[in-house]
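Here is the structure we will look at, set down as structure tokens.
All figures in this text were calculated on a predicted structure; none of them were measured in a lab.
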Amino acid sequence: MASRLLRGVGALAAQALRAHGPRGVAATRSMASGGGVPTDEEQATGLEREIMIAAQRGLDPYNMLPPKAASGTKEDPNLVPSVSNKRIVGCICEEDNCTVIWFWLHQGESQRCPNCGTHYKLVPYQMVH
């Protein structure tokens with residue numbers, strides 16, 4: 001029984017020595033560079049890190065953000081990126097409408113929505129690899 005007690009005390013002493021270091025100064029362990037909780041930038045890796053760096057530069061490498069809305073006129077159409085020469089587009093003609101009007105958009109001149117008349121134009125888009 002006494003040996004078990006001494007082993008427990010020895011383990012606690014060894015743990016305290018590791019925590020405080022050989023000179024008795026408390027050693028701090030932290031993942032963050034300045035101590036404390038690491039930020040998202042310090043902790044991100046891989047694809048998440050690439051996206052965060054691109055977002056800081058104002059880029060959208062994987063086309064994740066919603067498209068910038070234009071006025072939808074013939075002079076200023078809504079630009080629709082596509083990797084091919086045609087793409088299917090859905091238009092919600094009124095803000096509170098629950099139906100979507102689908103139509104094919106072909107490369108070239110801007111085209112109108114058959115229901116509301118909003119103009120759309122297909123623009124080429126190069127995928128990031």
Side-chain angles (χ1 to χ4, degrees):
M1 176 102 166
S3 65
R4 231 187 281 163
L5 192 62
L6 286 175
R7 265 189 286 166
V9 171
L12 285 174
Q15 187 178 14
L17 184 61
R18 280 193 299 268
H20 290 288
R23 289 183 231 131
V25 179
T28 58
R29 294 175 55 180
S30 173
M31 291 174 51
S33 59
V37 179
T39 63
D40 289 340
E41 289 81 15
E42 291 175 330
Q43 198 166 340
T45 61
L47 184 60
E48 182 183 12
R49 185 174 179 85
E50 285 182 28
I51 292 171
M52 288 176 82
I53 291 170
Q56 289 172 352
R57 293 179 185 160
L59 303 174
D60 185 19
Y62 297 102
N63 210 15
M64 294 170 44
L65 300 175
K68 294 177 180 72
S71 61
T73 62
K74 190 170 187 174
E75 295 79 27
D76 187 24
N78 290 309
L79 301 178
V80 179
S82 179
V83 293
S84 66
N85 59 356
K86 64 181 179 179
R87 184 172 178 178
I88 194 163
V89 175
C91 180
I92 302 173
C93 299
E94 297 172 10
E95 191 172 318
D96 59 345
N97 200 352
C98 60
T99 58
V100 179
I101 306 299
W102 296 98
F103 60 96
W104 280 101
L105 186 61
H106 297 275
Q107 199 167 21
E109 291 293 316
S110 64
Q111 296 172 332
R112 293 177 59 188
C113 169
N115 193 31
C116 67
T118 303
H119 283 79
Y120 294 90
K121 184 173 183 175
L122 198 69
V123 292
Y125 178 76
Q126 296 294 324
M127 292 179 51
V128 177
H129 290 271

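Listed by first and then second residue, the side-chain hydrogen bond (donor to acceptor under 3.5 Å, both in side chains) pairs that reach into residues 98-111 are Asn97-Thr99, sequence neighbours excluded.
Checked against side chain to side chain contact (heavy atoms under 4.5 Å, CB included), Ile51 has the following partners two or more places apart in sequence or in another chain: Leu47, Tyr62, Met64. Every residue meeting the side chain to side chain contact (heavy atoms under 4.5 Å, CB included) condition with Ala54, not counting sequence neighbours, appears here in chain and number order: Leu59, Pro61. In this view, Ser82 and Ser84, Arg87, Leu122 satisfy the side chain to side chain contact (heavy atoms under 4.5 Å, CB included) rule, not counting sequence neighbours. Contacts of Asp76 classified as side-chain hydrogen bond (donor to acceptor under 3.5 Å, both in side chains), with partners at least two apart in sequence or in another chain: Ser71. Residues meeting the side-chain hydrogen bond (donor to acceptor under 3.5 Å, both in side chains) test with Glu48, sequence neighbours left out: none. Scanning for side chain to side chain contact (heavy atoms under 4.5 Å, CB included) contacts around Glu41 gives Thr39, Met52, Gln56, with sequence neighbours left out.
Minimum interatomic distance between Tyr125 and Val83 (heavy atoms only, all atoms of both residues): O-CG1, 3.4 Å. The heavy-atom pair separating Asn78 from Ala70 by the smallest distance is OD1-N, 2.9 Å. Heavy atoms only, all atoms of each residue included: Lys121 and Gly108 are closest at CE-O, 3.4 Å.
Side-chain contact between Pro114 and Ile101 is present, with at least one heavy-atom pair separated by less than 4.5 Å.
A distance of 10.5 Å separates CD of Glu50 from OG1 of Thr45, quoted to the nearest 0.5 Å. Within the model, atoms CG of Asp60 and CZ of Arg57 stand 14.0 Å from one another, a figure rounded to the nearest 0.5 Å.
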**OP:** Output, in order, the C-alpha distance, side-chain angles, deciding distance and verdict of side chain to side chain contact (heavy atoms under 4.5 Å, CB included) for Phe103 and Ile88.
**Re:** CA-CA 6 Å; Phe103 60 96; Ile88 194 163; over 6 Å; no
